[in-house]
Amino acid sequence: MLDLKLIREKPDFVQERLNLRNGDYDIQPILQLDEQWRKLESDRSQLQARSNEIGKLVGQKMKSGSKPNDPEILALKEEGNQIKARLSDLEPQEKDLKTQIDALLLTLPNLPHPSTPVGKDEAENVQVRQWGDEYKPRTEVLPHWEIGEKLGILNTERATKVAQTRFVMLLGAGAALERALIQFMLDQQIAAGYLEVLPPFLINTQSLTATGQLPKFADESFKCNEDDLWLAPTAEVPVTNLYRDEILSADQLPIYHCAYTPCFRREAGSYGRDTRGLIRLHQFNKVELVKLVHPSTSEQEHQTLVQNAEAILQALKLPYRVVELCTGDLGFGAAKCYDLEVWLPSAGTYREISSCSNFWDFQARRGNIRFKEAGQKGTQFVHTLNGSGLAVGRTMAAILENYQQSDGTVKVPEALQSYLNRAVL
RNA sequence: GGAGAGGUGGCAGAGUGGUUGAAUGCGCCUGACUCGAAAUCAGGUUUGGGGCAACCCAACGGGGGUUCGAAUCCCCCCCUCUCCGCCA
């Protein structure tokens, strides 16, 4: 959520930054409502002040012996009643305006960070670095779903029977590989200083609103209608929300968490895209990194977060590149974002395997996650960051392709061999 | 699902109609004492909003109501805990 004060005080600046995004965002309605609201607010609070005064006066007089039906008391009561009548007119108006303003605020995305490259769309993202070209296979390889089916470790047809399209079933070594990857990733990130969390996978509306999935992207998540619960689309949601509505002390920061969860996404509007294989599923596994940090450190924390995600790809010797998203491609809540893209030789392209975003104070405002500096008055919002460390299914896809051997088997990356107790799939 | 208890400041925990934004304790901050620290003593310490400011308003789980006045009384809802039942 953007700071209403900032919108009010620097409307041109805010509008300019929003215009760099993909989509039409207009702060004018908010500015107008805000002006009306402030007028009502000050009228109402003046009336309220007089009303409070009357209440106190009556109390004092009663204590010093006045009778309830003394003329003086009756006059005060009468004035009190008149004020109440006017308040009952103003109050709902004010509340209604406030509700409208809040609702509009929740639909505005974050401002891009000044350092985020300006651009219209994906095509203008900026490559930051590329790693591991020497590990790219030199011969033709089968797409991961074909080699997976061939090896009998991946089955789409039966998963579709059990559930729907965009679900897969892993068998034998496939299931073991998925589990090994989860374990490996968690071990690495725990060693890097992240505290593991195993959060709820069903989460409430308030939590999804705090991290920015709601209200705008309700279509993207599965909902349990009976219960105000949604299937988590990413561990970012439950983990960031661990600290919702809390005031932390500055010395608790930074907080680093890693979490394995399955992720559930409806993938509405992606019909026909990536219909085969492990790339785009309604359910996939992910190890997520989440940081809550002091604002003064958030940029460097972002860099180390990206490095922590990269470390997994490097340990697995999977070729990848790092891309910084331009303003037009930035996610709703992100101020700045790096994508890690892994090499998929069957397609001859890099595919996103991790998205590392700095949300600045955007999520913290929505979730009311604050901290207090010892000895200082007031509170500040933390900065929240997160990134995949990594998407497990896509990692498996990358391994099945990059580690294919000419005899139709797949080599197990050295870093994983001890987890799987085998060297070849 | 049945029965009961409860939701108050960073935390713990008082408070049942009147200047209570809220006792007390812990924590934290400042000062005194000390070479320094601990201990002790004194003072301070909720959050959010409006206003250039003085200052004002709001908030005791949420929403309504009664009243000149509600943390306190009434109604509805939510959540947590305990016991019983059921269950992985």
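Throughout, a chain's letter reflects where its sequence line sits, starting with A, and its residues are numbered from 1.
- Side-chain N/O atoms of Lys372(A) include one lying less than 4.0 angstrom from OP1 or OP2 on U47(B).
- Phosphate proximity of C56(B) to Gln48(A): absent, as no side-chain N or O sits under 4.0 Å from OP1 or OP2.
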**Item:** CA sep, side-chain torsions, deciding dist, call: Phe362(A), Phe332(A), ring-ring contact (aromatic ring centres under 6.0 Å, His included)
**Value:** CA-CA 10 Å; Phe362(A) 186 82; Phe332(A) 183 76; 5.8 Å; yes

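- Across the C1' atoms, C78(B) and A23(B) are found 30 Å apart, a figure rounded to whole Å.
- Of the side-chain N and O atoms in Arg370(A), one or more sit less than 4.0 angstrom from OP1 or OP2 of G48(B).
- The nearest whole Å value for the distance from the CZ atom in Arg50(A) to the P atom in G69(B) is 13 Å.
- Taking the side chain of Lys95(A) as heavy atoms from C-beta on, and the options U47(B), G51(B), G63(B), the nearest nucleotide is G63(B).
- Atom name C1', nucleotides C74(B) and U16(B): the rounded distance is 14 Å, in whole Å.
- Comparing the C1' positions of G44(B) and U80(B) gives a spacing of 34 Å, expressed to the nearest Å.
- A salt bridge is absent between Glu267(A) and Arg166(A); no separation between the charged side-chain nitrogens and carboxylate oxygens falls under 4.0 Å.
- When the C1' atom is used for both G51(B) and C57(B), the distance is 11 Å, rounded to whole Å.
- Remark: Leu111(A) CG to Ile7(A) CD1 distance equals 8.0 Å, nearest 0.5 Å.
- The residue among Ala49(A) and Val58(A) whose nearest nucleotide of RNA chain B lies closer to the 5′ end is Ala49(A).
- For the C1' atom pair drawn from A12(B) and G6(B), the interatomic distance equals 15 Å after rounding to whole Å.
- With both pairing distances under 3.5 Å, A54(B) is matched to nothing as a Watson-Crick or G-U wobble pair.
- Taking atom CG of residue Leu57(A) and atom P of nucleotide U67(B), one finds them 20 Å apart after rounding to whole Å.
- Side-chain contact between Leu181(A) and Val287(A) is absent, with no heavy atoms from C-beta onward closer than 4.5 Å.
- To the nearest whole angstrom, the two C1' atoms, one in G13(B) and one in U46(B), are 16 Å apart.
- When each of G48(B), U19(B), G50(B) is scored by its nearest atom to the side-chain atoms of Arg38(A), the top-ranked nucleotide is G50(B).
- At whole-Å resolution of the value, CG in Asp70(A) and P in C68(B) are 16 Å apart.
- At whole-Å resolution of the value, CD1 in Ile101(A) and P in G50(B) are 10 Å apart.
- When both distances must be under 3.5 Å, the Watson-Crick or G-U wobble mate of A3(B) is U82(B).
- Note: CD1 (Ile369(A)) to P (G10(B)) measures 16 Å, nearest angstrom.
- Between Ile153(A) and Leu177(A) the shortest side-chain heavy-atom distance does not fall below 4.5 Å.
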**Request:** Step by step, work out the side-chain hydrogen bond (donor to acceptor under 3.5 Å, both in side chains) result for Asp102(A) and Thr99(A).
**Result:** CA-CA 5 Å; Asp102(A) 287 343; Thr99(A) 308; over 6 Å; no

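- The pairing partner recorded for G43(B) is C29(B), the criterion being a Watson-Crick or G-U wobble arrangement whose two distances lie under 3.5 angstrom.
- Atom name C1', nucleotides U82(B) and C33(B): the rounded distance is 50 Å, in whole Å.
- For the pair Gln380(A) CD and G48(B) C1', the computed distance is 16 Å after rounding to whole Å.
- Rounded to whole Å, the C1' atom of G15(B) lies 9 Å from the corresponding atom of U20(B).
- Nucleic acid contact class of Arg8(A) (heavy atoms, under 4.0 Å, all strands): sugar-phosphate only.
- Lys98(A) comes within contact range of no nucleotide atom at all, as no heavy-atom separation falls under 4.0 Å.
- Side-chain proximity of Asn52(A) to the nucleotides C56(B), C68(B), A58(B) is greatest for A58(B).
- Between Gln46(A) atom CD and C56(B) atom P there is a gap of 12 Å when expressed in whole angstrom units.
- Looking only at atom types and distance, the side chain of Gln183(A) has no donor-acceptor partner in the side chain of Tyr260(A) under 3.5 Å away.
- In this entry the distance linking CG of Asp245(A) with C1' of C11(B) reads 17 Å, nearest Å.
- Counting any heavy atom pair closer than 4.0 Å across all strands shown, Lys84(A) reaches a base atom.
- Rounded to the nearest 0.5 Å, atoms CG (Leu57(A)) and CG (Asn52(A)) are 11.0 Å apart.
- Using a 4.0 Å heavy-atom criterion, one finds that Ser249(A) contacts no nucleic acid atom at all.
- Within 4.0 Å (heavy atoms only), Lys61(A) reaches no atom of the nucleic acid at all.
- Comparing G50(B), C68(B), G64(B) against the side chain of Ile54(A) picks out C68(B) as the nearest.
- Within the shown strands, nothing qualifies as a pairing partner of A88(B) under the Watson-Crick or G-U definition with both distances less than 3.5 Å.
- Take the nearest nucleotide of RNA chain B for Met62(A) and for Leu76(A): the residue whose nucleotide is more 5' is Met62(A).
- Of all nucleotides present, none satisfies the Watson-Crick or G-U wobble test against U16(B) with each distance under 3.5 Å.
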